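Everything numeric here is computed off the predicted structure, so don't read it as measured data. Keep in mind that the numbers below use all heavy atoms, side chains included, and drop hydrogens, waters and symmetry copies. Within every chain, numbering begins at 1; the chains are lettered A, B, ... in the order of the sequence lines, protein sequences first and strands thereafter.
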Number of protein chains: 2
Amino acid sequence: MARTEAAAANEPAWRERAVARSVDAARSRAEQRVERFLEAAFELIDEKGSTEFTIQEVIDRSKQSLRSFYEYFDGKDELVLALFEETVREADEDIRQAVEEESDPLERLRAYVIRHHEWCDPSEEPRKRGSHHRRAISEFSMHLATKHPDRMRAALAPGSRLLRGLIEDAVRAGAIRVADTKRAAALVRQTVMYSWFGNRLVEDPRQRLTAEETWEFCLRGLQG
Amino acid sequence: MARTEAAAANEPAWRERAVARSVDAARSRAEQRVERFLEAAFELIDEKGSTEFTIQEVIDRSKQSLRSFYEYFDGKDELVLALFEETVREADEDIRQAVEEESDPLERLRAYVIRHHEWCDPSEEPRKRGSHHRRAISEFSMHLATKHPDRMRAALAPGSRLLRGLIEDAVRAGAIRVADTKRAAALVRQTVMYSWFGNRLVEDPRQRLTAEETWEFCLRGLQG
DNA sequence: CCAAGGTGAGAACATGGTTCTCACGACGCG
DNA sequence: CGCGTCGTGAGAACCATGTTCTCACCTTGG
């Protein structure tokens with residue numbers, strides 16, 4: 001880095017450009033390689049339905065070497081973390097869109113809850129829009145919440161802010177009444193996120209809780 | 001076994017008694033050994049605050065051999081499973097007592113929710129009555145729900161039945177109104193069980209959800 | 001005293017994550 | 001052209017941990 005700066009100061013512009021070009025090339029190469037690792041890992045997760053793939057499988061599939069894997073990732077956890085963050089980003093975007101399609105505050109809140117629930121519940125219909133196997137990612141999020149709560153918080157922060165905003169809007173519109181919007185948001189978020197987890201404890205599929213039921217439960221919970 | 005039966009049919013009573021005595025002795029020896037494994041594992045969990053102890057540590061601490069460990073347990077999972085079931089039994093008993101102290105149906109339901117929440121939330125005050133570190137067990141239950149949902153269902157079944165009964169009583173008393181008590185029970189159970197998990201995502205301890213708040217949320221959710 | 005079954009000690013094995021070594025090929029430089 | 005350097009692939013090596021296997025010892029009944 002120091003050398004680069006010195007060069008930039010002393011050398012003619014073409015040289016600087018050449019350097020930048022090479023750096024850019026290196027960066028894009030790196031990004032492509034990271035991309036291939038992520039791609040391969042996503043495929044493995046989709047196939048296995050769990051995050052129990054081995055590093056070996058990832059490098060075989062991505063046609064890269066163990067060495068470069070550890071050059072780009074600190075370890076397996078970081079890789080899966082990246083997948084998690086990627087998935088959360090996708091989900092966020094999708095949820096945001098669903099919310100934008102509504103205008104009534106309560107309907108917007110409802111859209112959030114329903115859509116969020118669909119993203120968390122792995123028993124939903126096969127994934128669409130190239131999104132990936134959610135069950136495995138959801139399960140990993142359990143592990144994540146205990147081992148890297150800070151990372152998880154960070155990843156979920158945008159979604160949480162959105163939810164809180166929707167709740168505040170609904171309160172302002174008089175559609176619901178809550179004492180503390182932050183806590184209300186936490187309650188709703190966890191009710192939605194973990195209802196799929198509770199569903200795992202119900203054998204009869206018809207007895208499983210739907211997004212709609214979860215929403216109704218939340219709604220009543222929010223009308224004190 | 002066949003030999004024992006034959007002996008019992010042909011030999012005098014004293015012999016049968018002697019055999020029984022030896023068998024009983026063997027059983028009690030076995031139970032003691034299992035007990036020592038469980039004891040050691042509980043201690044390790046309490047100290048580490050997680051189920052990431054090694055088998056080696058368990059056998060060192062319990063002063064037994066690897067060999068006998070695998071004689072009594074199918075593997076580490078079975079051991080931790082046993083700890084989980086043990087803890088659930090304790091919790092169940094405690095919750096049941098708390099419920100029995102109330103007579104009003106709604107108060108009984110409330111007692112259930114509050115006490116259950118306290119058992120699930122590891123941030124509660126230090127454990128009492130010789131009960132063990134709950135955080136680690138709770139975290140393991142996540143793993144469990146994905147890997148052995150049937151075992152988990154079985155372990156939780158008594159508690160679930162109790163909860164459902166309480167909800168039905170409350171409905172009969174007119175204190176709450178729900179369409180389907182089974183689903184209502186599922187919603188309450190998961191809201192309670194996983195609120196501690198959601199709390200992990202809240203940095204400020206004062207912002208964490210309390211048992212009381214969870215109860216109020218559930219209560220409103222149950223009054224359609 | 002002997003035979004047999006239970007048991008402790010721990011070697012051996014399997015797996016999977018992580019680190020290390022080395023050689024090879026590209027590329028700039030003299 | 002030859003040389004040194006750097007990036008990188010291949011995979012050996014290392015390590016931790018769960019699991020299985022071997023064997024010798026000790027008790028105990030005959």
Side-chain angles (χ1 to χ4, degrees), chain A residues 1 3-4 7 11 14-15 18-19 21-37 40-41 44-45 48 50-83 140 143 147-148, chain B residues 1 3-4 7 11 14-34 36-37 40-41 44-45 48 50-83 140 143 147-148:
Chain A
M1 191 49 111
R3 276 191 69 187
T4 306
E11 306 289 340
W14 68 262
R15 179 139 201 179
V19 168
R21 196 172 145 186
S22 130
V23 167
D24 286 357
R27 182 198 312 281
S28 114
R29 239 192 346 266
E31 275 167 3
Q32 276 184 11
R33 308 183 119 214
V34 167
E35 203 48 52
R36 276 163 64 200
F37 281 128
L44 286 164
I45 286 184
K48 304 200 159 195
S50 98
T51 55
E52 282 174 7
F53 57 82
T54 70
I55 307 284
Q56 195 56 46
E57 290 172 311
V58 173
I59 67 175
D60 286 350
R61 180 165 308 226
S62 68
K63 300 251 189 299
Q64 298 183 83
S65 72
L66 196 52
R67 196 175 176 291
S68 23
F69 177 83
Y70 282 100
E71 208 153 306
Y72 292 110
F73 296 94
D74 245 9
K76 187 178 174 181
D77 271 15
E78 289 298 315
L79 171 63
V80 191
L81 210 43
L83 301 181
F140 178 75
H143 179 68
K147 214 167 168 191
H148 309 280
Chain B
M1 191 49 111
R3 279 191 66 188
T4 306
E11 306 288 338
W14 67 262
R15 178 138 199 179
E16 187 181 346
R17 260 182 279 124
V19 168
R21 196 172 144 186
S22 131
V23 167
D24 286 357
R27 183 199 312 282
S28 113
R29 233 187 354 261
E31 276 167 1
Q32 276 184 11
R33 310 184 119 215
V34 166
R36 275 164 63 200
F37 281 127
L44 285 164
I45 285 184
K48 305 199 161 199
S50 97
T51 56
E52 283 175 5
F53 56 84
T54 70
I55 307 286
Q56 195 55 44
E57 289 172 312
V58 172
I59 68 174
D60 286 351
R61 180 166 307 226
S62 67
K63 299 253 190 298
Q64 297 183 83
S65 70
L66 198 51
R67 196 176 176 292
S68 24
F69 176 82
Y70 282 100
E71 206 153 309
Y72 293 110
F73 296 95
D74 245 9
K76 187 179 176 180
D77 271 15
E78 289 298 315
L79 170 65
V80 191
L81 210 42
L83 300 181
F140 177 76
H143 178 67
K147 213 167 167 191
H148 309 280

For this session: Could you tell me the separation between the CD atom of Glu71(A) and the P atom of dG9(D), rounded to a whole number of Å?
Result: 9 Å

For this session: When you get a sec, tell me which of dG17(C), dA9(C), dT21(C) is the closest nucleotide to the side chain of Thr54(A)?
Result: dG17(C)

Problem set entry | Glu78(B) CD - dT19(D) P separation (whole Å) | 10 Å

Exercise. What's the CZ-P distance between Phe37(B) and dG18(D), to the nearest Å?
Worked result: 14 Å

Exercise. What integer distance in Å separates Gln64(B):CD from dG10(C):C1'?
Worked result: 16 Å

For this session: Mind calculating the distance between CZ (Phe69(A)) and P (dG11(D)) to the nearest angstrom?
Result: 19 Å

For this session: Compute both the distance and the angle, then confirm whether Lys76(B) meets the cation-pi test with Phe69(B): under 6.0 Å from the six-membered ring centre, within 45 degrees of the axis.
Result: no

Exercise. At under 4.0 Å between heavy atoms, what does Phe53(B) touch on the DNA or RNA strands: base, sugar-phosphate, or nothing?
Worked result: sugar-phosphate

Problem set entry | Parallel, tilted or perpendicular: ring planes of Phe37(A) versus Phe73(A), cut at 30 and 60 degrees | perpendicular

For this session: Could you tell me whether Arg61(A) and Glu57(A) make a salt bridge, using a distance below 4.0 angstrom between a side-chain N and a carboxylate O?
Result: no

Exercise. Could you state the CD1-P distance from Ile55(A) to dT19(C), rounded to the nearest angstrom?
Worked result: 11 Å

Exercise. Starting at the 5' end of DNA chain C and moving along, which residue's nearest nucleotide shows up first, Glu52(A) or Lys63(B)?
Worked result: Lys63(B)

For this session: Determine the minimum heavy-atom distance between Leu66(B) and Ile59(B), stating which atoms define it.
Result: N-CD1, 3.7 Å

Exercise. Within the structure shown, what part of the strands sits under 4.0 Å from Gln56(A) by heavy-atom distance: base, sugar-phosphate, or nothing?
Worked result: nothing

For this session: Look at Arg67(A) and dA12(D) and indicate whether a side-chain polar atom (N or O) is within less than 4.0 Å of OP1 or OP2.
Result: no

Exercise. Which of the following nucleotides, dG18(D), dG9(D), dT8(D), is nearest to the side chain of Ser68(A)?
Worked result: dG9(D)

Problem set entry | dT19(D) OP1/OP2 closer than 4.0 Å to side-chain N/O of Tyr70(B) | yes

Problem set entry | Ile59(B) CD1 - dA11(C) C1' separation (whole Å) | 13 Å

Exercise. Do you know the tightest heavy-atom contact between Phe140(B) and Asp77(B)?
Worked result: CZ-O, 4.4 Å

Exercise. More 5' along DNA chain D: Leu66(A) or Lys76(B), using each one's nearest nucleotide?
Worked result: Leu66(A)

Problem set entry | Distance in angstrom units between Lys48(A) NZ and dG16(C) C1', rounded | 12 Å

